[in-house]
Amino acid sequence: MFEKILIANRGEIALRIHRACKEMGISTVAVHSTADSEAMHVKLADESVCIGPPSSIDSYLNIPAIISAATLTNANAIHPGYGFLSENSNFARITEEHGFTFIGPSPEHIQIMGDKVQAKAEMKKVNVPVVPGTDGRIENVSSAIEIAEKIGFPVLIKAAAGGGGKGMRVVTHKDNMENSLKTAQNEAKVNFGESSVYIEKYLSKPRHIEVQILADKFGNVVSLYERDCSLQRNHQKIIEEAPSPTLDKVTRQKLVEVCCEAAKSFNYISAGTFEFLYENGEFYFIEMNTRVQVEHGITEMICGVDIIKEMINVAADKELSFSQKDIKYSGHSIECRINAENPDTFIPSPGQITELHAPGGLGVRVDSALYNGYKIPPNYDSLIAKLIVHSDDRTSCIRRLKRCLDEMVISGVETTIPLHKRVIDNDDFISGDYNIHWLEKFMSEN
Ligand code: ADP
């Protein structure tokens with residue numbers, strides 16, 4: 001087993017990885033920008049190294065600085081968390097080339113799945129159903145129109161290297177294709193450094209359902225079932241739940257088996273998530289995330305598995321500590337992503353925390369790197385806490401969540417807690433009757 005792991009991230013996920021390491025008897029190295037010298041992950045780690053100025057490009061995305069920090073501290077392995085360099089195959093490759101273990105999948109898998117066009121092609125090969133659309137990249141307006149007419153408007157132009165819901169454009173009529181294509185290509189270039197785009201059928205009322213898998217180097221692949229992440233704003237998840245309120249047992253079983261088979265067939269290792277859109281009883285693959293996800297906690301709550309510890313075990317050449325038959329998911333879990341933002345305009349609200357009270361009690365988990373007096377810097381993502389609740393069934397889980405949101409105090413900055421309170425009080429949410437467009441409609445009406 002590793003003696004020392006460098007955590008190439010910040011915020012709640014850095015802390016989450018630190019906690020797993022400590023419980024496994026592993027020392028931790030935090031890396032941080034100058035804006036984060038007082039951050040919780042830095043305070044708690046056994047060692048810390050400043051890797052650059054506040055801007056992410058110069059710090060958390062600075063590969064030479066991170067590799068130097070690992071060398072300097074004699075770390076054995078690097079965990080990238082989510083975001084930043086977690087899906088950068090180059091980083092994974094360089095990490096390994098410098099003699100450190102990358103805690104995640106192989107650079108090849110990261111590369112293939114990072115290109116969504118290639119990822120869909122790979123999935124098709126192993127019988128995973130994908131959203132109808134182009135088989136390759138779109139080269140020009142006329143071929144875009146031809147394809148759109150074949151699959152039927154509306155269509156969605158998406159960035160091949162896309163992520164975080166960026167670089168997507170809905171096109172409802174061929175007259176808008178030229179403009180939308182240009183905008184999408186520009187957006188892709190600015191956000192991901194390459195302008196390639198592809199086209200998919202735009203589904204009008206799907207749910208976003210994703211399957212968590214874990215795989216080791218001995219060919220064992222286990223599914224930790226699904227999460228429903230349909231409550232989104234700007235294609236970004238706000239509230240997630242597991243299991244999905246909409247799937248029956250047979251459908252669920254079929255879905256998770258398809259994913260396990262696929263992962264096995266391309267020798268995937270570590271944690272991974274197959275993302276699908278689900279509409280009219282059909283699943284359509286959209287992408288695979290080759291890292292731990294923000295919302296992994298709800299899966300841990302219903303399955304009783306520590307996903308980060310398993311990732312570390314697998315990277316250290318150990319077998320998964322359980323098999324599929326050991327996983328008996330139980331009860332229901334919901335996560336609210338709490339952001340330091342105005343709950344109506346979503347304008348970021350960095351600043352100093354003047355008062356903090358986290359809810360507690362049975363079945364309650366708050367993953368957060370906040371503390372009293374902490375100054376949230378303006379340079380990074382505004383996620384400041386994940387409130388994760390578990391209970392015997394969905395109804396009692398919602399009640400527990402409501403109780404927790406009422407208890408939670410975060411003062412000094414604006415947060416999205418008021419929005420969460422309104423959403424979980426709504427009849428559609430309570431009945432589980434929502435799709436990916438529901439939240440935006442709800443916000444525009446309320
Ligand atoms: P990203 O990698 O940017 O997160 P995804 O492909 O995972 O992009 O899609 C993010 C979200 O965008 C989905 O959860 C869904 O809400 C929406 N979306 C993606 N593809 C489609 C589609 N073909 N039709 C309708 N909505 C889509």
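The chain is numbered in sequence order, starting from 1. From a predicted model like this one, the values you see are computed outputs, not experimental measurements. Every number for a ligand or one of its atoms is a count from 1 in the order of the listing.
- Contacts between Lys237 and ligand 1, counted as non-hydrogen atom pairs separated by less than 4.0 Å, are absent for every part of the residue.
- Checking only distances, Tyr202 never comes within under 3.5 Å of ligand 1, N or O to N or O.
- In summary, the aromatic rings of Tyr380 and Tyr60 are positioned with their centroids under 6.0 Å apart.
- Within the listing of ligand 1, atoms 7 (O) sit less than 4.0 angstrom from a heavy atom of Glu275.
- The contact set between ligand 1 and His208, taken as ligand atoms under 4.0 Å from a residue heavy atom, comprises 13 (C), 14 (O).
- Interatomic distance, Lys402 NZ to Cys397 SG, rounded to the nearest 0.5 Å: 14.5 Å.
- The existence of a salt bridge linking Arg207 and Glu279 is excluded, since no basic side-chain nitrogen approaches an acidic carboxylate oxygen closer than 4.0 Å.
- Ranking the protein heavy atoms by distance from atom 16 (O) of ligand 1 puts Gln232 OE1, 2.6 Å first.
- Closest protein heavy atom to atom 3 (O) of ligand 1: Gly165 N, 2.6 Å.
- At a heavy-atom cutoff of 4.0 Å, ligand 1 is contacted by the side chain of Lys158 but not by its backbone.
- Closest to atom 24 (N) of ligand 1 among all protein heavy atoms lies Leu203 N, 3.0 Å.
- Taking all atoms of both residues into account, the shortest heavy-atom contact from Ala184 to Ile157 is CB-CG2, 3.7 Å.
- Considering Glu287, Met168, Glu87, Lys166 only, the shortest heavy-atom separation from atom 9 (O) of ligand 1 involves Met168.
- Screening residues 248-271 for salt bridge (charged side-chain N to carboxylate O under 4.0 Å, His left out), with sequence neighbours left out, gives Glu226-Arg252.
- A donor-acceptor contact closer than 3.5 angstrom is absent between the side chains of His208 and Ser230.
- A donor-acceptor pair shorter than 3.5 Å can be found between the side chains of Arg227 and Thr299.
- The protein heavy-atom contact nearest to atom 12 (O) of ligand 1 is His235 ND1, 3.2 Å.
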Self-check item: CA sep, side-chain torsions, deciding dist, call: Arg233, Glu440, salt bridge (charged side-chain N to carboxylate O under 4.0 Å, His left out)
Solution: CA-CA 6 Å; Arg233 181 186 158 265; Glu440 288 185 357; 5.7 Å; no

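- No salt bridge links Lys441 with Asp428; every basic N to acidic carboxylate O contact stays at or beyond 4.0 Å.
- Residue, atom and distance of the protein heavy atom nearest to atom 26 (N) of ligand 1 are Ile436 CD1, 3.4 Å.
- Among the atoms of Leu277, none of the N or O lies under 3.5 angstrom from an N or O of ligand 1.
- When hydrogens are left out, the protein atom nearest atom 5 (P) of ligand 1 is Lys116 NZ, 3.5 Å; that is the closest non-hydrogen contact.
- The distance criterion of under 3.5 Å between nitrogen or oxygen atoms is not met by Leu156 with respect to ligand 1.
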